[in-house]
Amino acid sequence: MRRVVVTGLGAITPIGNSVPEFWQSIKNNKVGIDEISGFDTTEYKAHLAAEVKGFNAADVMDFKSAKRMEKFSQYAVAASIEALKDSGLELEKEDPYMVGVSVGSGIGSLSVMESNHQKLLEKGPSRINPLLVPLMITNMAAGNVSIYLGLKGKSINVVTACATGTNSIGEAYRSIQHGEADVMFAGGTESAVTPIGIGGFAALTALSSSTDPMRASIPFDKDRNGFVMGEGSGVVILEELEHALKRGAHIYAEVTGYGCTSDAHHITSPLDDGSAAARAMTLAIKESGAKPSDVDYINAHGTSTHHNDLFETRAIKLALGDDAYNVPVSSTKSMIGHLLGAAGAVEFITCVKTIEEGYIHPNVGLKETEEEMDLNYVKDNGINKDVNLVLSNSLGFGGHNATIAIKKYSGQ
């Protein structure tokens, strides 16, 4: 199998519209959650979200291109442009058929669907936007990245709900391993903080009803009562090792394992014993040629819902055994909420920066856990330590489980 390394990072998030800004906010324990600004939430059960702030598509792409994209696509293209610049790749020197895209979105654009449904009801079908479908459908994030950057290789859109970002990166990793591409732009994107998005998840009783931004997204806390919707995008550049070395690329880290399973249990609730999620972790560890005691940090899915946090805790114990109690565990969602299809991608970037800088962020807002939840959840302050092997977990509605193992690059 060909080795795969990370050579570029790009992010649009609720706490920063670039990777340096995002990472500095992570180190400052900044929480990007506030009252929803886009519509009146008076009659809604949930009032908070982690919205992207200060983003202007015209700052990173031409007006005509931006006009033909909804926000989820704009975010993906912006993150891809940053990742490209960060990587130092000169696309004109590459075989465009060996540079691909694996950028997924869990939902696509609810906003354009809502506005055009209103037009349909009020003015009839003739007033529907001719571009409704290409603006709305989930694959257009990958499509727009490919079109904007001229990437002619494999272009896919993995849709596995909250596991989308992690699966997208995992499938890009597999594509390079098997020689289908030398370079892949990989990640996830989402913009679903809309009336039907918030209303739908709230009706499912999945969202936090808290009105305190500091006590809303609190993974592993005994007072957690649902997740907070977030939005944004994370895109990374994965590259075949020899290809990266040949052009003298800066290598952030190496992807060494990918595990993927299904609960085959319930459309929204994870399997209560955590066994399928545990299997995803053990598959990723095994492919890395590692053992449970080698894992230095787990970036948990950690949604701040009762079932996820408890069942993921059980999964970690099953996967790592007694070593589970020694591994620091934290959830980036404590600061940026749940970015749905983008979550795993932004959390992957967090893991890469954790390895690069030797800093593990805390679960911001975590005060007290429950009896069975007795792992080493990082509280209060972050941890400065050498980090060699990291696991990033994502669990999606429908029973999708995905884990990626990321390792410090140690040369040939």
Side-chain angles (χ1 to χ4, degrees), residues 102 104-107 138 156-171 173-174 188 190 192 200-201 203-208 217 219-220 224-227 229 257-288 292 295 298-321 324 327 329-333 338-345 347-348 351 370 372-375 377 391-405:
S102 177
S105 174
I107 295 178
T138 60
I156 57 175
N157 169 43
V158 180
V159 183
T160 49
C162 311
T164 293
T166 298
N167 279 135
S168 294
I169 295 172
E171 295 305 313
Y173 163 64
R174 288 278 183 257
E190 207 77 83
F201 278 104
L204 192 62
T205 66
L207 298 185
S208 172
S217 184
F220 308 112
R224 68 194 185 282
N225 67 351
F227 73 80
M229 185 91 83
Y258 173 44
C260 196
T261 65
S262 177
D263 286 342
H265 171 64
H266 190 273
I267 57 172
T268 58
S269 175
L271 197 57
D272 58 2
D273 67 358
S275 56
R279 179 63 176 267
M281 284 183 263
T282 58
L283 289 171
I285 293 169
K286 182 179 180 180
E287 187 180 4
S288 295
V295 178
I298 295 175
N299 188 287
H301 188 55
T303 60
S304 188
T305 63
H306 176 271
H307 280 10
N308 176 91
D309 295 2
L310 176 58
F311 301 164
E312 187 177 8
T313 292
R314 292 173 180 171
I316 292 169
K317 292 178 182 180
L318 279 176
L320 272 63
V327 180
V329 176
S330 65
S331 171
T332 308
K333 294 179 181 70
H338 192 346
L339 274 58
L340 306 181
E347 290 156 11
F348 180 96
C351 291
E370 297 169 338
E372 190 179 340
M373 295 167 59
D374 54 356
L375 296 179
Y377 313 109
L391 299 182
S392 181
N393 290 338
S394 290
L395 317 175
F397 281 177
H400 306 283
N401 304 304
T403 297
I404 289 185

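For His338, the ring pair (Phe, Tyr, Trp, His ring centres under 6.0 Å) test picks out Phe227, His301, with sequence neighbours left out. Looking at residues two or more places apart in sequence or on another chain, you find a side-chain hydrogen bond (donor to acceptor under 3.5 Å, both in side chains) between Ser105 and Glu190. Contacts of Asn157 classified as side chain to side chain contact (heavy atoms under 4.5 Å, CB included), with partners at least two apart in sequence or in another chain: Thr138, Asn139, Val159. With sequence neighbours left out, the side-chain hydrogen bond (donor to acceptor under 3.5 Å, both in side chains) criterion links Ser168 to no other residue. The side chain to side chain contact (heavy atoms under 4.5 Å, CB included) check on Thr403 picks up Ala280, Met281, Ala284, Leu391, Asn393, with sequence neighbours excluded. Checked against ring pair (Phe, Tyr, Trp, His ring centres under 6.0 Å), Phe311 has the following partners two or more places apart in sequence or in another chain: His307. Not counting sequence neighbours, Phe348 has no partner by the ring pair (Phe, Tyr, Trp, His ring centres under 6.0 Å) test. With sequence neighbours excluded, no residue satisfies side-chain hydrogen bond (donor to acceptor under 3.5 Å, both in side chains) with Ser102. Every side-chain hydrogen bond (donor to acceptor under 3.5 Å, both in side chains) that Thr268 has, sequence neighbours left out, goes to His266. Scored by the ring pair (Phe, Tyr, Trp, His ring centres under 6.0 Å) test, Phe397 finds no partners at all (sequence neighbours excluded).
The nearest pair of heavy atoms linking Met229 to Phe201 is CE-CD1, 3.3 Å. Gly257 and Ser288 get closest at one heavy-atom pair: N-OG, 3.6 Å. Across all non-hydrogen atoms, the minimal contact from Ala192 to Ile107 is CB-CD1, 3.9 Å. Nearest approach of Tyr258 to Glu287, heavy atoms of both residues: N-OE1, 3.0 Å. Ala315 and Gly274 make their closest contact through CB-O, 3.2 Å (heavy atoms, listed as atom of the first residue, atom of the second, distance). Between Pro219 and Gly302, the closest heavy-atom pair is CG-O, 3.2 Å.
Taken to the nearest 0.5 Å, the OG1 atom of Thr303 stands 8.0 Å off from the CG atom of Leu395. Rounded to the nearest 0.5 angstrom, Asn308 CG and Thr313 OG1 are separated by 8.5 Å. Ile169 contributes atom CD1, which lies 10.0 Å from atom CD of Glu347 (distance to the nearest 0.5 angstrom).
Applying the salt bridge (Lys or Arg N to Asp or Glu O under 4.0 Å) test to residues at least two apart or on different chains, none of the pairs has a partner in residues 267-284. Sorted by first and then second residue, the salt bridge (Lys or Arg N to Asp or Glu O under 4.0 Å) pairs involving residues 304-320 (not counting sequence neighbours) are Arg224-Asp309, Arg314-Glu372, Lys317-Asp374.
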Subject >> side-chain contact (heavy atoms from CB on, under 4.5 Å) between Leu375 and Ile298, worked out >> reply: CA-CA 11 Å; Leu375 296 179; Ile298 295 175; over 6 Å; no
Original post:
Which is it for Val329 and Phe220 under the side-chain contact (heavy atoms from CB on, under 4.5 Å) test, yes or no, and what are the steps along the way?
Top reply: CA-CA 10 Å; Val329 176; Phe220 308 112; 4.2 Å; yes
Subject >> Steps toward side-chain contact (heavy atoms from CB on, under 4.5 Å) verdict (Ile285, Leu320) >> reply: CA-CA 10 Å; Ile285 293 169; Leu320 272 63; 4.0 Å; yes
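Of the residues Thr261, Asn167, Thr166, the one that meets the side chain to side chain donor-acceptor pair (under 3.5 Å) test with Asn401 is Thr261.
Side chain of Thr164 to main chain of Gly188: no donor-acceptor pair is present (N/O by atom type, distance under 3.5 Å, no hydrogens or angles).
No side-chain heavy atom of Cys260 sits under 4.5 Å from any side-chain heavy atom of Leu283.
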